[in-house]
Amino acid sequence: MNLKQLGYFVAIAEEGQITAAARRLHISQPPLSYELAQLERELDTQLVRRGPRGVALTDAGRLLYERATRILAMANATAREVSSLGKGLTGTLCLAVAHSATGLAPGKRLAELAARHADVSLELREGGVPEVIELVASGIAEVGVVRTPFPTQGLRCRYAPAEPLVAVMPPDLERGRELEVGLAELDDVPLVCDRRLAPQLPATPFCLTDDERTTCSCAAAGLGVGLVPQSLLAVCDTGPCFIKALVERDLWSRAAVIWKADRSLSPLAERAVALLGELA
């Protein structure tokens with residue numbers, strides 16, 4: 001089993017047809033079918049079920065697809081890093097950003113990097129905090145941006161200042177004073193928040209999301225009062241909603257730039273860390 005075979009298999013899995021995968025790979029169908037058969041013989045298992053309209057992955061095929069995408073991503077990341085060593089600020093930076101930090105990163109700081117260095121490009125991956133940490137830990141992303149709380153074992157971290165949690169209030173659900181509101185004043189309204197925040201609240205929210213941007217969308221649609229980090233408002237349309245800071249400072253959070261503690265950063269990643277470390 002080699003990287004070429006894995007790349008072929010991923011194309012077949014994603015296209016759902018061997019002919020479509022062959023077109024995507026710019027090869028003819030017979031060599032692709034041969035490589036798939038070789039892979040199945042080597043692994044001694046059926047990876048796809050062939051039908052009149054295409055192919056469907058078996059359980060073994062789904063497992064291989066999941067692993068193959070990660071292996072190929074790690075191989076590409078390794079090639080980028082090895083190629084960039086000794087070349088200064090050139091190459092591609094793979095940056096993973098948590099949904100809750102998209103109001104801060106990548107932002108203007110990395111735009112400055114691209115403007116000054118024409119040979120620099122950016123590969124951006126997004127996900128929840130656990131997904132971003134896994135991307136960094138596995139080496140797929142060299143640098144990540146997450147939000148507290150998160151496990152720091154095996155990571156180096158550079159933290160931004162703490163920022164308030166804000167309530168995004170539809171007009172008919174407005175509560176509190178002009179600029180602030182306490183959780184006790186929101187007892188009688190439905191709350192919407194990211195599921196990582198829910199355990200810190202005294203009552204179970206009406207709606208849980210996996211992305212704080214979705215939380216803002218729900219609030220703008222009148223579904224409830226959304227609770228999000230203040231910086232996220234820069235990338236969300238909150239419509240006619242009122243925005244008020246929560247008075248409970250223990251719910252404030254900080255964005256953080258993270259990278260693996262046991263690896264040397266490329267010059268490009270070092271510069272990106274320095275720029276992103278100025279998050280505010």
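Just so you know, residue 1 is the first one in the sequence shown, and it goes up from there.
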- Message: For Asp44, is the CG atom crowded, meaning more than 12 foreign heavy atoms sit under 6.0 Å from it?
- Response: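 Atom CG in Asp44 is not packed in, count stays at 12 or less.
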
State, yes or no, whether a side-chain contact exists between [X] and [Y] at a heavy-atom distance under 4.5 Å.
| X | Y | result |
| --- | --- | --- |
| Leu191 | Cys193 | no |
| Val192 | Leu208 | no |
| Arg156 | Ile258 | no |

- Message: One pair to check against salt bridge (Lys or Arg N to Asp or Glu O under 4.0 Å): Arg175 and Glu180. What are the steps and the verdict?
- Response: CA-CA 9 Å; Arg175 301 290 188 275; Glu180 295 181 328; over 6 Å; no

- Worked check of side-chain contact (heavy atoms from CB on, under 4.5 Å) between Asp210 and Arg195: CA-CA 6 Å; Asp210 290 316; Arg195 64 183 69 254; 2.5 Å; yes

Under 3.5 Å, is there a donor-acceptor pair between the side chain of [X] and the main chain of [Y]?
| X | Y | result |
| --- | --- | --- |
| Thr152 | Leu155 | no |
| Lys260 | Ser138 | no |
| Gln46 | Val48 | yes |
| Gln5 | Asn2 | yes |
| Glu248 | Leu183 | yes |
| Arg254 | Pro161 | no |
| Ser266 | Ala269 | yes |
| Thr102 | Ala98 | no |

- Message: If you apply the rule side-chain contact (heavy atoms from CB on, under 4.5 Å), what do you find for Leu93 with Val143, and how did you get there?
- Response: CA-CA 8 Å; Leu93 172 71; Val143 180; 4.2 Å; yes

- Message: Does Glu185 form a salt bridge (Lys or Arg N to Asp or Glu O under 4.0 Å) with Arg177? I'd like the steps, not just the answer.
- Response: CA-CA 10 Å; Glu185 298 171 281; Arg177 295 163 293 289; 3.3 Å; yes

- Message: One pair to check against salt bridge (Lys or Arg N to Asp or Glu O under 4.0 Å): Arg125 and Glu131. What are the steps and the verdict?
- Response: CA-CA 10 Å; Arg125 290 175 175 258; Glu131 288 80 8; over 6 Å; no

- side-chain contact (heavy atoms from CB on, under 4.5 Å) between Cys157 and Val257: does it pass, once the steps are laid out? CA-CA 6 Å; Cys157 311; Val257 182; over 6 Å; no

- Verdict with reasoning, Arg249 to Glu163, per salt bridge (Lys or Arg N to Asp or Glu O under 4.0 Å): CA-CA 9 Å; Arg249 295 181 65 93; Glu163 63 175 294; over 6 Å; no

- Nearest atoms (heavy-atom pairs only) where Arg196 meets Thr148: NH2-C, 3.9 Å

